[in-house]
Amino acid sequence: MKLQLNKLMAGLVLAGGALALVGCGGGGAPDLPKNIDVTVKAGDTTAIATASNLTTALAGVQLPLGTASTAFGVPSNSVLAFTGPVAGANLGGATITSGNLSLVTKVSAGSCVFEVSGPADPALRIVNPATNAAYAIGHKITINPCALTGNIADVPADGVAQPRTITITLGTGGVITTEVQVKRVGNVVSVNDKPVVNVNADGGIVSATGSVS
């Protein structure tokens with residue numbers, strides 16, 4: 001991690017640019033940002049921790065893929081839902097559903113890799129357009145870019161939930177937005193009642209909460 005300062009800009013920049021949290025300032029102490037902007041890359045542990053916290057907070061939310069379906073190689077009516085922590089996947093699990101068919105996946109950084117782990121019956125899996133057969137167990141779908149952004153830290157420390165919008169970028173031109181409930185208790189900001197980031201007294205983002213297995 002390194003801190004970049006100059007007359008016009010101050011910000012927290014993690015190696016590899018995986019988590020760019022940039023605020024404008026006058027050249028004194030850095031103004032820690034209140035907007036989270038996470039591009040998920042393998043090896044950037046803080047970005048992965050933040051993204052993991054966000055996907056956990058979004059568990060169960062139905063996210064129509066729309067134009068992002070092209071990057072996944074699934075039908076345009078497919079819906080993505082994160083499912084929370086999963087062993088062996090540092091961004092948790094996710095299901096992709098299209099009608100009566102689905103893909104159960106483990107999600108890891110790099111940018112985002114969705115590894116198919118189910119259903120066990122291939123007749124229940126979505127068809128891979130490249131092979132005209134069901135996606136195979138172990139098949140990896142790599143989505144790049146893969147990013148989560150949202151203004152989640154500019155809430156008062158009163159424990160009262162407020163609506164905010166999270167934008168998820170999945171592949172070129174694939175943009176999904178969803179409304180979440182954000183609240184701050186002390187220095188911890190939660191999304192949908194799940195802790196996501198630690199902030200300073202002014203609400204500037206300091207770090208992700210917790211750790212990633």
Q: If only atom types and distance count, is the side chain of Asn192 paired as donor or acceptor with the main-chain N or O of Ala57 below 3.5 Å?
A: yes
Q: Any pair with a residue in residues 114-171 that passes disulfide bond (SG atoms under 2.5 Å apart), sequence neighbours left out, goes on the list, sorted by first then second residue, please.
A: Cys112-Cys146
Q: Is a donor on one side and an acceptor on the other found under 3.5 Å between the side chain of Thr105 and the backbone of Ala94?
A: yes
Q: Compare every heavy atom of Ala71 with every heavy atom of Gly171, then report the nearest pair and how far apart it is.
A: CA-CB, 4.0 Å
Q: Does Asp158, at its CG atom, have more than 12 non-hydrogen atoms belonging to other residues, nucleotides or ligands within less than 6.0 Å?
A: yes
Q: When you measure from the side chain of Ser111 to the backbone N and O of Pro145, does any donor-acceptor pair fall under 3.5 Å?
A: no
Q: Checking Ser98 against Ile126 for the side chain to side chain contact (heavy atoms under 4.5 Å, CB included) test, could you report, in this order, the C-alpha distance in whole Å, the side-chain angles of both residues, the deciding distance, and whether it holds?
A: CA-CA 7 Å; Ser98 175; Ile126 293 173; 4.1 Å; yes
Q: Side chains of Ile168 and Leu80, heavy atoms from C-beta outward: is any pair under 4.5 Å?
A: no
Q: Judged by modelled atom types alone, do Asn198 and Thr209 share a side-chain donor-acceptor pair under 3.5 Å?
A: no
Q: With a 3.5 Å distance limit and no angle check, can you tell me whether Ser69 reaches the backbone of Ser78 through a side-chain donor-acceptor pair?
A: no
Q: Identify every side-chain donor-acceptor pair in residues 172-191 under 3.5 Å, counting partners at least two apart or on other chains, and give the distances.
A:
| residue | atom | partner | partner atom | Å |
| --- | --- | --- | --- | --- |
| Lys183 | NZ | Asp193 | OD1 | 3.1 |
| Arg184 | NE | Gly186 | O | 2.7 |
| Arg184 | NH2 | Asn200 | O | 3.1 |

Q: Would you mind listing every disulfide bond (SG atoms under 2.5 Å apart) that reaches into residues 170-203, with sequence neighbours excluded?
A: none
Q: Can you give me the closest heavy-atom contact between Asn90 and Ala109, atom names plus distance?
A: OD1-N, 3.0 Å
Q: Between Thr56 (side chain) and Ser52 (backbone), is there a donor-acceptor pair under 3.5 Å?
A: yes
Q: Quick one: does any side-chain atom of Arg125 pair with a main-chain N or O of Ala134 as donor and acceptor, under 3.5 Å?
A: no
Q: State whether the side chain of Asn53 and the backbone N or O of Val197 hold a donor-acceptor pair below 3.5 Å, judged by distance alone.
A: no
